[in-house]
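Below is one structure, written out as structure tokens, with a few remarks after it.
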Amino acid sequence: MFSSLARLALPLVLLMGLTAAAQPQDALRGRELKRRRVALSAATAGNPVALHVAPGYLTALEFDSPVDRDAVVLGDPGGRLALFEVTSRAILLKPAMELGPGRGVELTIPFADGAAPARVVLSLVTHPSEVDAQVMVSRLPRTAEAIQAELDEVRATCAAKDAELEVLRARNVASGPAGMILAGLLNDRGFKAGSPERLLSQGGGDLVSRDVVTYRSSGWGAVSLWVRNIGSHPWTPVEARLTVAANGERINVLAVRMKEPRIEPGGTALVVVETGAPNWPEGAALRLELRDNDGGRRLLIPRLPF
């Protein structure tokens, strides 16, 4: 059964079909709207799946697994799509022209949960008599062994989150130097602070960072930076992704904090990213990315010596 998002897309498709019906019939003769279900498996993951699209028609794809929206790749569109929208669970697209033999567009969609198959490849082509208006993409049921492995991974993740929660509770109790010492967050090795220079930040043109300072102790780490919002809408960083630039290894981020609820247009605020005990070599280059709630606007520092 298609979800509510797919059901909402159907009236749009029907409306477009009714509008197109008022056009000369020879332009639409024999073209039928289809509902499809594409079932994926590890054995067939490498084979592209043909998807029938057509100009003037909206095609809605829905997925039973979260999509890595930032890694979706549309191969050489060349202006051949009039609409292309990607969310974590759906893709809406509409060609701007016929995509006949030799003119198809390849669409690669990776999944975000790490399960197999890891991605699906679609070949967008035009069919003379039909359009895939609604497509439900699902991965075939997994084996008991795969489900057990996923359950074990979830349990391990929960245990790690419990440990993080205890650390956060200790930080909540700590107040000032005395509280940090009592909580075990400050010891005889103290901490080191650094101010990396000549950092290049990327924020889509409307987010700028400056005055970056790193703090490193045996039990915790932190990065503080001033962020200026030169865009036209408020911005609130709610997620930080910190990885080792050399190999992409994720670093345990505990919190992203600001005094202000958001950074207003033209405003500047101090953002602090807090980590657990540093498990990366001192001075290593890290990649810091700050995201808002929907991931639409982000601030990226590709190489941050820490």
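This chain uses plain numbering: 1 for the first residue, then up along the sequence.
- Every residue meeting the salt bridge (charged side-chain N to carboxylate O under 4.0 Å, His left out) condition with E98, not counting sequence neighbours, appears here in chain and number order: R31.
- Under the 3.5 Å distance criterion, the side-chain polar atoms of R228 are left unmatched by any main-chain donor or acceptor of D206.
- Under the 4.5 Å side-chain heavy-atom criterion for ILVMFWY residues, no single connected hydrophobic cluster contains both L254 and V238.
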Begin with the C-alpha distance, continue with both residues' side-chain angles, and end with the deciding distance and a verdict on side chain to side chain contact (heavy atoms under 4.5 Å, CB included) for L299 and V227. CA-CA 9 Å; L299 176 67; V227 178; 3.8 Å; yes

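- Residues forming a salt bridge (charged side-chain N to carboxylate O under 4.0 Å, His left out) with E85 (at least two apart in sequence, or on another chain): none.
- Proximity of L93 to I91: side-chain heavy atoms (C-beta onward) are separated by under 4.5 Å at one or more points.
- V273 has its side chain out of reach of R241: every pair of non-hydrogen atoms, C-beta onward, lies at least 4.5 Å apart.
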I'd like to know whether V53 forms a side chain to side chain contact (heavy atoms under 4.5 Å, CB included) with H127, so could you lay out the CA-CA distance, the side-chain angles of the two residues, the decisive distance to 0.1 Å, and finally the verdict. CA-CA 7 Å; V53 298; H127 191 279; over 6 Å; no

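- At a threshold of 4.5 Å between non-hydrogen side-chain atoms, the residues Y57 and T126 do not count as touching.
- Side-chain contact between T108 and R119 is present, with at least one heavy-atom pair separated by less than 4.5 Å.
- R297 places a side-chain N or O within donor-acceptor distance of the main-chain N or O of H233, the cut-off being under 3.5 Å.
- P66 has its side chain within reach of R89: a pair of non-hydrogen atoms, C-beta onward, lies under 4.5 Å apart.
- Shortest non-hydrogen contact noted between I109 and V72 is CG2-CG2, 4.3 Å.
- For the pair L99 and G104, the tightest heavy-atom approach, listed with the atom from each and the gap, is CB-CA, 4.5 Å.
- A salt bridge does not link D132 with K34: every distance from a Lys NZ or Arg NE/NH1/NH2 to an Asp or Glu carboxylate oxygen is 4.0 Å or more.
- Around atom CG of D211, more than 12 heavy atoms belonging to other residues, nucleotides or ligands sit under 6.0 Å away.
- Between E264 and P234, the closest heavy-atom pair is OE1-CG, 3.5 Å.
- Residues P237 and V271 are in side-chain contact: their nearest non-hydrogen atoms beyond the backbone lie under 4.5 Å apart.
- Applying the ring pair (Phe, Tyr, Trp, His ring centres under 6.0 Å) criterion to F63, with sequence neighbours excluded, gives no partner residue.
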Acceptor/donor pairs from residues 242-253 side chains to any protein atom, 3.5 angstrom cut, sequence neighbours excluded:
from : atom 1 : to   : atom 2 : distance (Å)
N247 : OD1    : E249 : N      : 2.9

Donor-acceptor pairs are to be reported for all side-chain atoms of residues 277-284 against protein atoms at under 3.5 Å, with residues two or more places apart or in another chain.
from : atom 1 : to   : atom 2 : distance (Å)
W280 : NE1    : F306 : O      : 3.0
E282 : OE2    : K192 : NZ     : 3.3

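- Among all heavy-atom pairs drawn from G75 and V105, the shortest one is O-CG1, 3.4 Å.
- Rounding to the nearest 0.5 Å places CG of L92 at 10.5 Å from NZ of K94.
- Residue pairs satisfying the side chain to side chain donor-acceptor pair (under 3.5 Å) criterion with at least one member in residues 64-74, sequence neighbours excluded, are listed as follows: S65-R139, D70-R291.
- A 4.5 Å side-chain heavy-atom check between L225 and L270 finds every atom pair outside the cut-off.
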Show the numbers, then the answer: is there a side chain to side chain contact (heavy atoms under 4.5 Å, CB included) between W226 and S209? CA-CA 6 Å; W226 288 91; S209 66; over 6 Å; no

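- The backbone N or O of W220 sits nowhere less than 3.5 Å from a side-chain atom of S217 that would complete a donor-acceptor pair.
- Counting only heavy atoms from C-beta outward, the side chains of L51 and V125 never approach each other to under 4.5 Å.
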Which is it for V212 and V223 under the side chain to side chain contact (heavy atoms under 4.5 Å, CB included) test, yes or no, and what are the steps along the way? CA-CA 7 Å; V212 180; V223 179; 3.9 Å; yes

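- One distance of note links CD of E32 with NE2 of H52; it measures 12.5 Å at 0.5 Å rounding.
- Heavy-atom minimum distance, V272 versus A222: CG1-CB, 4.5 Å.
- Contact between P261 and T236 at its shortest, heavy atoms only, is O-OG1, 3.1 Å.
- Once rounded to the nearest 0.5 Å, the distance linking CG of L288 with CZ of R303 reads 14.0 Å.
- Rounding to the nearest 0.5 angstrom, the gap separating the CZ atom in R287 from the CG atom in L304 is 12.0 Å.
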